[in-house]
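These notes concern the structure reproduced below.
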2 protein chains.
Amino acid sequence: MIYPSCITEIYAHPGISDADLESIFRAHEKVFFHKGDLILTEGQLSNAYYCLEKGLVRAFARNIDGKDITTGFISKNEIVIEVASLFLRQPTKENIQALSDCDCWMIGYEAFQELFERIEGFTEWGRTWMSRALLANKQRSLSMITDSATNRYLRLRGEQPEVLQVAPLKHIASYLGVTDSSLSRIRKEVAQTGR
Amino acid sequence: MIYPSCITEIYAHPGISDADLESIFRAHEKVFFHKGDLILTEGQLSNAYYCLEKGLVRAFARNIDGKDITTGFISKNEIVIEVASLFLRQPTKENIQALSDCDCWMIGYEAFQELFERIEGFTEWGRTWMSRALLANKQRSLSMITDSATNRYLRLRGEQPEVLQVAPLKHIASYLGVTDSSLSRIRKEVAQTGR
DNA sequence: AAAACTACTTGCCCTAAGGCAAGAAATCAA
DNA sequence: TTGATTTCTTGCCTTAGGGCAAGTAGTTTT
């Protein structure tokens, strides 16, 4: 059986057999979002996550002044999820928004729990996914401390080039921890000098 | 049965029964570290984690110039762990070091895996722990973007006051993302003004 | 085809924090 | 107990990036 690329990419794991993958896939349901749609809003309890087949998504939180800070971009074949709300069963402080039209495969909390109990390798897969997420997050914190804004920009360009094409400058700026004016200058400088 | 406080604190979870806790505790073994000891060194494969009964520990990574950056402090009743190495089975890029003499309860990878397979609630506990870790990490990244150095200092003082007593200024400074001269000035200013 | 947004750039000036270096104070080593 | 090595503070100057505001382009809306 042929699955969408996001399913095979996301659930690729030695402990997950073809039969497992079929059960897992069956637990998902196709959903769409339009550019600008909020997939999750602060205060809500998250009840599902989404495998992103097409599109670009961002997560953002609000600081004290109500200004929104983009905390992450989610690209094709990645998982759109708010771990804290979904697994700790508490209202989220984050918002998740589609930055372009998106095609997703959704799986609800109940269905997920069921797989978690039933499929041996699924638990293992989950732990691996969490470990990777934790690692990525740590590297981001490190980068905020040790790299210049320009280097953080270049790193983002290396890792998620789509973001620079699709997301508006202000979201990229807040993600990188600079103002939009600064990012505008950084971008100019990068374009001028050796690239 | 009475367990060390770090064991009861760390493994407190609705899915873990008294009987479970006993099995879990039995899988641990007491170990000590002296001030300055490296508990884990970059390049090594982590094969255990440690429940910290007494003492203070830091994790640090090296930046390109070889300067070490403290990435976290671990206090009493918390887990000393390098998730990426332990669960992804890859050599670590982080170092973990005792900042004071430490008493720990260690559990090896094999014993952990065994509990993971045998005890129902242990898996759930693990997912909860990871979710919390992820949340804490995200908040740290956010704080690096939105808070001033002074506010980050005050937040650390609120959350882990022991750190300010035990860790040398340079480690605290690199953790907060400032130079030690800057932290020295921040500290002075905080002491002078309203606290 | 105006009007009204939103996205982006640029200029002017300002500020938080860094770089460097000297020195005091505390801790460790022999 | 006397060096030697860290740890911490402080001064002087520099710099990356912020605040604000004006202005140009695009895009939507009507």
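Per chain, numbering begins at 1; letters A, B, ... match sequence-line order. Worth saying up front: this structure is predicted, and the values here are computed from it rather than measured.
- Computed from coordinates, the A:Leu176 CG to D:dG18 P distance equals 11 Å when rounded to whole Å.
- No donor-acceptor contact under 3.5 angstrom links the side chains of B:Ser141 and A:Arg140, judged on distance only.
- Nearer to the 5' terminus of DNA chain D, by closest-nucleotide assignment, is the contact made by A:Ser148 (compared with the other of A:Ser148 and A:Ser181).
- At whole-Å resolution of the value, CE in B:Met144 and P in D:dG17 are 13 Å apart.
- Here D:dA16 presents its C1' atom at 11 Å from CD of A:Glu189, a figure rounded to the nearest Å.
- Annotation: A:Phe87 is not in aromatic contact with A:Tyr49 [ring centroid separation under 6.0 Å not met].
- The 5' end of DNA chain C is approached more closely, in terms of each residue's nearest nucleotide, by A:Leu169 than by the other of B:Arg152 and A:Leu169.
- Checked against the 6.0 Å centroid criterion, the rings of B:Tyr3 and B:Tyr11 do not qualify as a close aromatic pair.
- The side chain of A:Pro168 sits closest to C:dA7 out of D:dT9, C:dA7, C:dG19.
- A close approach under 4.0 Å does occur between a side-chain nitrogen or oxygen of B:Lys188 and OP1 or OP2 of D:dT10.
- Comparing C:dA17, D:dT10, D:dG19 by their closest approach to the side chain of A:Thr179 singles out D:dG19.
- B:Gly36 comes within 4.0 angstrom of no nucleic acid atom, judged by non-hydrogen atoms across all strands.
- Side-chain N/O atoms of A:Asp68 and A:Ser174 include no donor and acceptor closer than 3.5 Å.
- Looking at heavy-atom distances under 4.0 Å, A:Arg187 makes contact with sugar-phosphate atoms alone, never a base.
- In this structure, CG of A:Leu183 is placed 17 Å from P of D:dA16, rounded to the nearest angstrom.
- Between B:Asp180 atom CG and D:dT9 atom P there is a gap of 10 Å when expressed in whole angstrom units.
- Between A:Ile172 atom CD1 and C:dA7 atom C1' there is a gap of 11 Å when expressed in whole angstrom units.
- Of the candidate nucleotides D:dG18, C:dC28, D:dT9, D:dT9 has the atom nearest to the side chain of B:Ser184.
- Straight-line distance from the CG atom of B:Asn151 to the P atom of C:dA16: 12 Å, rounded to whole Å.
- Using a 4.0 Å cut-off, some side-chain N or O of B:Lys170 falls inside it from OP1 or OP2 of D:dT7.
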- Item | Full working for salt bridge (charged side-chain N to carboxylate O under 4.0 Å, His left out) between A:Lys76 and A:Glu9 | CA-CA 10 Å; A:Lys76 190 189 162 190; A:Glu9 292 253 339; over 6 Å; no
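- In this structure, B:Leu164 atom CG and D:dC8 atom C1' are separated by 15 Å, rounded to whole Å.
- Minimum atom distance to the side chain of A:Arg185 is reached by C:dT10, of the listed D:dG17, C:dT10, D:dC12.
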